[in-house]
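Read through the structure below, which is laid out as structure tokens, and then see the notes.
Given the structure is predicted, the values throughout are model-derived calculations rather than measurements. Along the sequence shown, residues carry numbers from 1. Excluded from the calculations below are hydrogen atoms, water molecules and symmetry mates; all remaining heavy atoms, backbone and side chain alike, are included.
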Amino acid sequence: MVPSDDAILTHLRRGALEYCVLATLADGSRYGLDLARSLGGDGLLLASEGTLYPLLARLRKAGMVSTIWQESAEGPPRRYYELTSSGREALDTFVGVWPRFRNAVDDIVETGGTP
């Protein structure tokens, strides 16, 4: 059985989405819905908001993000997420590893593994 586009994207998201969240927070704090809009605009990185909030909770528990509540002029208070020093370190490590990984995959896909 050939996997669908959705099945392949699900597998790819599992490894990369948390680092995409950290990268999105690198320039400052953001609230959940704002993160979801940034990551889910094209449907490739984030299929639904339902996957974002458990991920944010895991990142918070791991000490990679912290949260603060802020009042909103447009409704109820919002929980803002911000990168911690541990989250910054994890992101920096990922940024160093990602190009090598991406290039290795591209090379295999483009050449079929032939040197």
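- By the 4.5 Å heavy-atom criterion applied to side chains, R60 and L56 are not counted as neighbours.
- Note that the CZ atom of R14 and the OG1 atom of T51 stand 11.0 Å from one another [nearest 0.5 Å].
- Side-chain heavy atoms closer than 4.5 Å link hydrophobic residues (I, L, V, M, F, W, Y) into clusters, and following such links, even through other members, never connects W69 to L52.
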Contacts under 3.5 angstrom, residues 18-28 side chains, donor-acceptor by atom type, not counting sequence neighbours:
| residue | atom | partner | partner atom | Å |
| --- | --- | --- | --- | --- |
| T24 | OG1 | C20 | O | 2.7 |

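- The structure places CG of L59 at 10.0 Å from OH of Y81, a figure rounded to the nearest 0.5 Å.
- Rounding to the nearest 0.5 angstrom, the gap separating the CZ atom in R78 from the OG1 atom in T67 is 15.5 Å.
- Of all heavy-atom pairs spanning S72 and P76, the tightest one is CB-O, 3.3 Å.
- Cluster membership check: V97 does not share its hydrophobic cluster with L91, using side-chain heavy-atom separations under 4.5 Å among Ile, Leu, Val, Met, Phe, Trp and Tyr.
- The CG atom of N103 sits 12.0 Å away from the CD1 atom of I108 when rounded to the nearest 0.5 Å.
- Annotation: the span from S86 atom OG to E89 atom CD amounts to 6.0 Å, rounded to 0.5 Å.
- L55 and Y53 fall within the same hydrophobic cluster, where Ile, Leu, Val, Met, Phe, Trp and Tyr residues are linked whenever their side-chain heavy atoms come under 4.5 Å apart, directly or through other members.
- In this structure, L12 is not a member of the same hydrophobic cluster as V105, with clusters built from ILVMFWY side-chain heavy atoms closer than 4.5 Å.
- A donor-acceptor pair is defined here as one N or O able to donate and one able to accept, closer than 3.5 Å; no such pair exists between the side chain of S66 and the backbone of T84.
- V109 and I8 fall into different hydrophobic clusters, where Ile, Leu, Val, Met, Phe, Trp and Tyr are joined by side-chain heavy atoms under 4.5 Å apart, directly or via other members.
- With no hydrogens or angles considered, a side-chain donor-acceptor pair links S38 and R30 at under 3.5 Å.
- The distance from atom OG of S29 to atom CG of L35, rounded to the nearest 0.5 Å, is 9.5 Å.
- Shown here is D106, whose CG atom has more than 12 heavy atoms of other residues, nucleotides or ligands within 6.0 Å.
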